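This report refers to the structure that appears directly beneath it.
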Amino acid sequence: MWIEFAPINIPLSRRLQTAAVLQWTFSFIAMAHCCLIFYALLLTSKYWFIALLYGIWLFMDWETPSRGGRRSEWVRSWTVWRYFADYFPIKLVRTTPLDPRHNYIMGFHPHGVLVVGAFCNFCTEGTGFSSMFPGLTPHLLMLPGWFKIPFFRDYIMSGSLVSSDKSSASHLLSKRGRGQALVIAVGGPPEALDAKPGELTLQLLKRTGFIKLALTHGAHLVPVLSFGENDLYCQVSNPKGSLLRTMQEKMQKMVGLAIPLFHGRGVFQYSLGLLPHRRPVYTVVGSPIPVVKTLAPTPDEISSLHKLYIEKLQDLFETHKTCYGIPKDRPLVLC
């Protein structure tokens, strides 16, 4: 395979952008494992008492990821996140203001391989979320298992990540006042297996849990489409029914994580590696769908709101797709 190396005379700003994405890629792919190893080494070293003290703290703090987390505006505002956003670049597009007197559930589509757009837009100030949506507090929901890992859990909570279990979402929507914005990658890990350049397949038709959650708490629904999300990585061909796809789906059911076989670019070359490609991402936040609080929604009420959400999402796609490089005749694929 021919390797395309990066030129030597790259501006400093672009080098800093690459460094910002490199540290994020490490934190997403390997930091959790490093934290586990570090804790195990600390526990078996002469500094075991530090590990013991942290273990006591961990026990006392166990429920925090399901009680709103522990966000840090300082971490969210690090300069590194601006370089991170400029690397692609990632742009947050507001179609209408959101009233902070309401709570919102933002359905993020598509999941992509590593949920790059959702992290950048809602876990950092790299694209200026707070200035674009004043009064709103975003929370990106993440699988509960990640919050059991020592040290790693504290880092991800600082960026507004919270547990995706039901009690976590209910706590934010019922006990944290108004202006809460829960961001849910509706397609979940299984959707990552369909994240390929030029394709946009969303797992949505059977996903109604977030609809019931919105009805139960009276949270307005907001469809969010991240154009270009699936173009950041290439993925080994895995059509449904293939041996690879079958194995990936079985693994996902066993451990709760999808394992896409993907590649991007490297640090000093553009042909192969784990860094995402420099391709633009436009995350478009649609208009809110008002929801009336219904403590015990019926299946018909859930189905009706689900259909309305799909209609609004499709309208958002049709309105903006040609602006962001998608051919006019390409439909949104739902499954």
Side-chain angles (χ1 to χ4, degrees), residues 61-72 76 98-111 115 117-119 121-123 129 133 135-149 153-154 156-192 202-204 206-224 226 256-257 283 285-286 288-299 301-303 305-306 308-310 312-313:
D61 195 57
W62 193 254
E63 297 298 326
T64 297
S66 297
R67 295 295 180 269
R70 190 166 44 248
R71 62 191 290 118
S72 167
R76 285 176 52 86
L98 296 179
D99 189 342
R101 292 175 297 179
H102 301 291
N103 287 333
Y104 299 92
I105 293 178
M106 295 181 168
F108 183 85
H109 314 270
H111 182 283
V115 211
F119 173 84
N121 287 301
F122 304 111
C123 295
F129 179 90
F133 297 102
L136 291 190
T137 304
H139 308 271
L140 179 61
L141 274 62
M142 190 175 188
L143 291 175
W146 294 111
F147 296 94
K148 295 177 172 59
I149 300 174
R153 67 189 295 275
D154 302 292
I156 59 178
M157 278 196 291
S158 68
S160 306
L161 284 155
V162 296
S163 177
S164 61
D165 61 82
K166 185 178 179 180
S167 64
S168 174
S170 297
H171 177 85
L172 288 167
L173 294 175
S174 62
K175 298 182 180 180
R176 283 293 176 120
R178 297 301 176 182
Q180 306 301 315
L182 275 65
V183 184
I184 301 175
V186 177
E191 197 173 82
L202 307 183
Q203 295 205 18
L204 179 59
K206 296 180 181 179
R207 304 275 175 152
T208 59
F210 73 108
I211 300 293
K212 183 178 181 180
L213 183 67
L215 282 166
T216 302
H217 295 279
H220 294 355
L221 286 166
V222 181
V224 179
S226 198
L257 292 174
T283 303
V285 180
I289 302 170
V291 176
V292 177
K293 186 173 182 178
T294 309
L295 292 178
T298 65
E301 289 171 326
I302 294 173
S303 178
L305 184 56
H306 188 238
L308 178 60
Y309 179 86
I310 291 176
K312 295 297 183 182
L313 182 65

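All values reported here derive from a predicted model rather than from experimental measurement.
- Here CD1 of Ile302 is found 6.5 Å from CG of Leu215. Values are rounded to the nearest 0.5 Å.
- Using modelled atom types, no side-chain atom of His139 and backbone atom of Ala169 make a donor-acceptor pair closer than 3.5 Å.
- Between the CD1 atom of Ile105 and the CG atom of Leu213 there is a distance of 4.0 Å, given to the nearest 0.5 Å.
- Rounding to the nearest 0.5 Å gives a distance of 11.5 Å between CD1 of Ile184 and CE of Met106.
- For the residue pair Thr283 and Ser226, the shortest heavy atom distance occurs at OG1-OG, 3.0 Å.
- By the ring pair (Phe, Tyr, Trp, His ring centres under 6.0 Å) test, Phe122 pairs with Phe129, sequence neighbours left out.
- Of the possible donor and acceptor atoms, one in the side chain of Thr294 sits under 3.5 Å from a partner among the backbone N and O of Val292.
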- Stepwise, does the side-chain contact (heavy atoms from CB on, under 4.5 Å) test hold for Ile289 with Val222? CA-CA 6 Å; Ile289 302 170; Val222 181; over 6 Å; no

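- The side-chain contact (heavy atoms from CB on, under 4.5 Å) test applied to Arg178 returns Asn103, not counting sequence neighbours.
- Residues passing the side-chain contact (heavy atoms from CB on, under 4.5 Å) test with Lys166 are Ser170, sequence neighbours excluded.
- Taking both residues in full, the closest heavy atoms of Ile156 and Met142 are given as CD1-SD, 3.9 Å, listed atom of the first, atom of the second, then distance.
- Residues meeting the salt bridge (Lys or Arg N to Asp or Glu O under 4.0 Å) test with Arg71, sequence neighbours left out: Glu73.
- The salt bridge (charged side-chain N to carboxylate O under 4.0 Å, His left out) analysis of residues 207-224, with sequence neighbours excluded, yields no pairs.
- Ser303 meets the side-chain contact (heavy atoms from CB on, under 4.5 Å) test with Lys307; sequence neighbours excluded.
- Val186 and Gly107 make their closest contact through CG2-CA, 3.7 Å (heavy atoms, listed as atom of the first residue, atom of the second, distance).
- For Tyr104, the ring pair (Phe, Tyr, Trp, His ring centres under 6.0 Å) test picks out His220, with sequence neighbours left out.
- Residues passing the side-chain hydrogen bond (donor to acceptor under 3.5 Å, both in side chains) test with Glu301 are Thr298, sequence neighbours excluded.
- You'll find the side chain of Pro138 reaches within 4.5 Å of the side chain of Arg76, heavy atoms only.
- The nearest pair of heavy atoms linking His171 to Ser66 is CB-O, 3.8 Å.
- Not counting sequence neighbours, the partners of Asp99 by the side-chain hydrogen bond (donor to acceptor under 3.5 Å, both in side chains) test are Arg101.
- Contact record, Pro100 with Leu136: CA-CD2, 3.8 Å, taken as the closest heavy-atom pair.
- Ser167 has its side chain within reach of Arg67: a pair of non-hydrogen atoms, C-beta onward, lies under 4.5 Å apart.
- Residues Pro65 and Arg153 have side chains in contact (heavy-atom distance under 4.5 Å, counting atoms from C-beta outward).
- The CH2 atom of Trp146 sits 15.0 Å away from the CE atom of Met157 when rounded to the nearest 0.5 Å.
- Residues meeting the side-chain hydrogen bond (donor to acceptor under 3.5 Å, both in side chains) test with His111, sequence neighbours left out: none.
- The main-chain N or O of Ser163 is found under 3.5 Å from a side-chain atom of Ser168 such that the two form a donor-acceptor pair.
- Residues Asn121 and Val183 have side chains not in contact (no heavy-atom distance under 4.5 Å, counting atoms from C-beta outward).
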- Message: Let's go through Glu191 and Leu204 carefully: what are the C-alpha distance in whole Å and the side-chain angles of both, what is the deciding distance for side-chain contact (heavy atoms from CB on, under 4.5 Å) to 0.1 Å, and is it a yes or a no?
- Response: CA-CA 9 Å; Glu191 197 173 82; Leu204 179 59; over 6 Å; no

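- When the ring pair (Phe, Tyr, Trp, His ring centres under 6.0 Å) test is applied to His217, no partner is found at least two apart in sequence or on another chain.
- A search for side-chain hydrogen bond (donor to acceptor under 3.5 Å, both in side chains) contacts involving Ser164 returns nothing, not counting sequence neighbours.
- The CZ atom of Phe147 lies 11.0 Å from the OG1 atom of Thr64; values are rounded to the nearest 0.5 Å.
- We find the CG-CD1 distance between Leu221 and Ile211 to be 4.5 Å, quoted to the nearest 0.5 Å.
- The two residues His109 and Leu202 come nearest to each other via the heavy atoms CB-CD1, 3.8 Å.
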